[in-house]
Engineer: 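Pasting in a structure now, in structure tokens, and then I'll have a few things to ask.
Convention: sequence-line order gives letters A, B, ...; per-chain numbering from 1.
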Protein chains: 2
Amino acid sequence: MEKRQHHFLSENTVEEASRILKAISDPTRMKILYLLFQEECSVGHMVEVLGISQSAISHQLGHLRNLRLVKYRREGNTYYYAYDDEHVVNILNQVIEHIEHQ
Amino acid sequence: MEKRQHHFLSENTVEEASRILKAISDPTRMKILYLLFQEECSVGHMVEVLGISQSAISHQLGHLRNLRLVKYRREGNTYYYAYDDEHVVNILNQVIEHIEHQ
DNA sequence: CCTGTATATGAGCATATGTTCATATACAGA
DNA sequence: TCTGTATATGAACATATGCTCATATACAGG
């Protein structure tokens, strides 16, 4: 193995990439993000459509909020969520398209 | 929230996407794959270049082998690894490029 | 105010994940 | 056949993760 020059990743890059990839790799978060990619959506609607408990959805939304991947607006008691990081959603879609078209 | 038609992900798609994304989200595996993207590489070289223990590298290579993301050839006592799933490597590169160019 | 509805949050728990340490395996060379 | 080198593997352990259950919060309507 001759000593070629490698391009090295900085620790920051690795950690940031890891953060993003872990965020979208969990099935529940993936389903939420894929739904939000299609439309803004209330928590109750996510529960109904995805068949996942309110608590589980809400915990994962908390996670996605911390990562700044989603945003929300409030109308009375209802919270409408939308995605807030276009690039992350694009990456997710690309992975999904790859899998579905093979 | 009116009842629009959503595009739903099949469980298979979700699980496969999750598998791939989890595989590349771990920092050690990410570094290995990024190195292999640049050149075929022996285990010892990975240990040296990445500064990660032989055992940790080898365990993660086992994981990547199970997922069919890498292949290897043997020369005496030395195992040379290379990536074996172009698309997964492309996805990883895209994530990294996104992070580095922002 | 009191009640109901929508959502968030905390505690506890079970499982998954990644590492280290110790050891096994397989081959090369003397 | 003995020794050294390169890599793989198993056990044990610590930490992270995602869920459920129970409860808190905040607002709307009467």
Engineer: Any N or O donor-acceptor pair linking the side chain of Ser55(A) to the base of dT9(C) at under 3.5 Å?
Structural biologist: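 Yes, the side chain and the base share a sub-3.5 Å donor-acceptor pair.
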
Engineer: How many Å lie between CD1 on Ile32(B) and P on dA8(D), as a whole number?
Structural biologist: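 Those two atoms, CD1 and P, are 10 Å apart.
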
Engineer: Can you measure Ile57(A) atom CD1 to dA6(C) atom C1' for me and round it to whole angstrom units?
Structural biologist: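 After rounding, the reported distance stands at 14 Å.
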
Engineer: Is Lys31(B) paired with Glu11(A) through a side-chain N to carboxylate O contact shorter than 4.0 Å?
Structural biologist: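 Here Glu11(A) pairs with Lys31(B) in a salt bridge, since their nearest N and O are under 4.0 Å apart.
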
Engineer: For ring pair (Phe, Tyr, Trp, His ring centres under 6.0 Å), just list the numbers for Tyr80(A) and His45(A), CA-CA rounded to whole Å, side-chain angles, deciding distance to a tenth of an Å, and then say yes or no.
Structural biologist: CA-CA 9 Å; Tyr80(A) 292 100; His45(A) 191 61; 9.6 Å; no

Engineer: Do you see a donor-acceptor pair shorter than 3.5 Å between the side chains of Arg73(A) and Tyr81(A)?
Structural biologist: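 Distance-only check fails for Arg73(A) and Tyr81(A).
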
Engineer: So, Ser10(A) versus Thr13(A): side-chain donor-acceptor pair below 3.5 Å or not?
Structural biologist: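 On atom types as modelled, these side chains qualify, holding a pair under 3.5 Å.
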
Engineer: From the options dA8(C), dT7(D), dT19(C), select the nucleotide whose nearest atom is closest to the side chain of Arg65(A).
Structural biologist: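 Selected nucleotide (nearest to the side chain): dA8(C).
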
Engineer: dT7(D), dA22(D), dT7(C): which one has an atom nearest the side-chain heavy atoms of Ser58(B)?
Structural biologist: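 My answer, after comparing the listed nucleotides, is dT7(D).
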
Engineer: Calculate the interatomic distance between Leu61(B) atom CG and dT19(C) atom C1'; express it in whole Å.
Structural biologist: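 Nearest whole value for this atom pair: 15 Å.
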
Engineer: Between the base of dA6(D) and the side chain of Gln54(B), is one N or O donor paired with an acceptor at under 3.5 angstrom?
Structural biologist: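 No.
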
Engineer: Please state whether the phosphate of dA8(D), meaning OP1 or OP2, lies under 4.0 angstrom from any side-chain nitrogen or oxygen of Tyr81(B).
Structural biologist: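 Affirmative; the distance criterion is met.
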
Engineer: Rounded to whole angstrom units, what separation is found between the NE2 atom of His59(A) and the P atom of dT23(D)?
Structural biologist: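 It works out to 14 Å between those atoms.
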
Engineer: Using heavy atoms to find the nearest nucleotide of DNA chain D for Thr28(A) and Arg74(A) separately, return the residue whose nucleotide is more 5′.
Structural biologist: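 Nearest nucleotide further toward 5': that of Thr28(A).
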
Engineer: Which nucleotide in the set dG10(D), dA8(C), dG18(C) lies at the smallest distance from any side-chain heavy atom of Arg29(B)?
Structural biologist: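 Among the listed nucleotides, the one closest to the side chain of Arg29(B) is dG18(C).
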
Engineer: With respect to the side chain of Asn77(A), which nucleotide from dA11(D), dC27(D), dT5(D) is positioned closest?
Structural biologist: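 Comparing dA11(D), dC27(D), dT5(D) against the side chain of Asn77(A), the answer is dC27(D).
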
Engineer: Rounded to whole Å, please give me the gap between CD in Gln60(A) and C1' in dA16(D).
Structural biologist: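 From Gln60(A) CD to dA16(D) C1': 13 Å.
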
Engineer: Taking C-beta and beyond as the side chain, do Gln60(A) and Ile32(A) meet within less than 4.5 Å on heavy atoms?
Structural biologist: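 The answer is yes, as the side chains (C-beta and beyond) meet within the 4.5 Å cut-off.
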
Engineer: Starting at NE2 of His63(B) and ending at P of dT17(C), how long is that distance when rounded to a whole Å?
Structural biologist: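 It works out to 7 Å between those atoms.
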
Engineer: Looking at dT9(C), dG10(D), dT7(C), which one has an atom nearest to any side-chain atom of Tyr79(A)?
Structural biologist: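 Looking only at side-chain atoms, Tyr79(A) lies closest to dT7(C).
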
Engineer: Which residue lies toward the 5' end of DNA chain D, Ala56(A) or Gly76(A), if each is placed at its nearest nucleotide?
Structural biologist: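 The 5'-side residue here is Ala56(A).
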
Engineer: Check every strand shown and say whether Tyr72(B) touches a base, only sugar-phosphate, or nothing at a heavy-atom separation below 4.0 Å.
Structural biologist: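 Nothing: the residue Tyr72(B), judged by heavy atoms under 4.0 Å, touches no strand.
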
Engineer: Can you check the Asp26(A) CG to dT17(C) P distance for me, whole Å?
Structural biologist: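 It is 11 Å, rounded to the nearest whole Å.
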
Engineer: Nearest whole angstrom, please: distance from the C1' of dA16(D) to the NZ of Lys22(B).
Structural biologist: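 Atom-to-atom, Lys22(B) to dA16(D), this comes out as 12 Å.
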
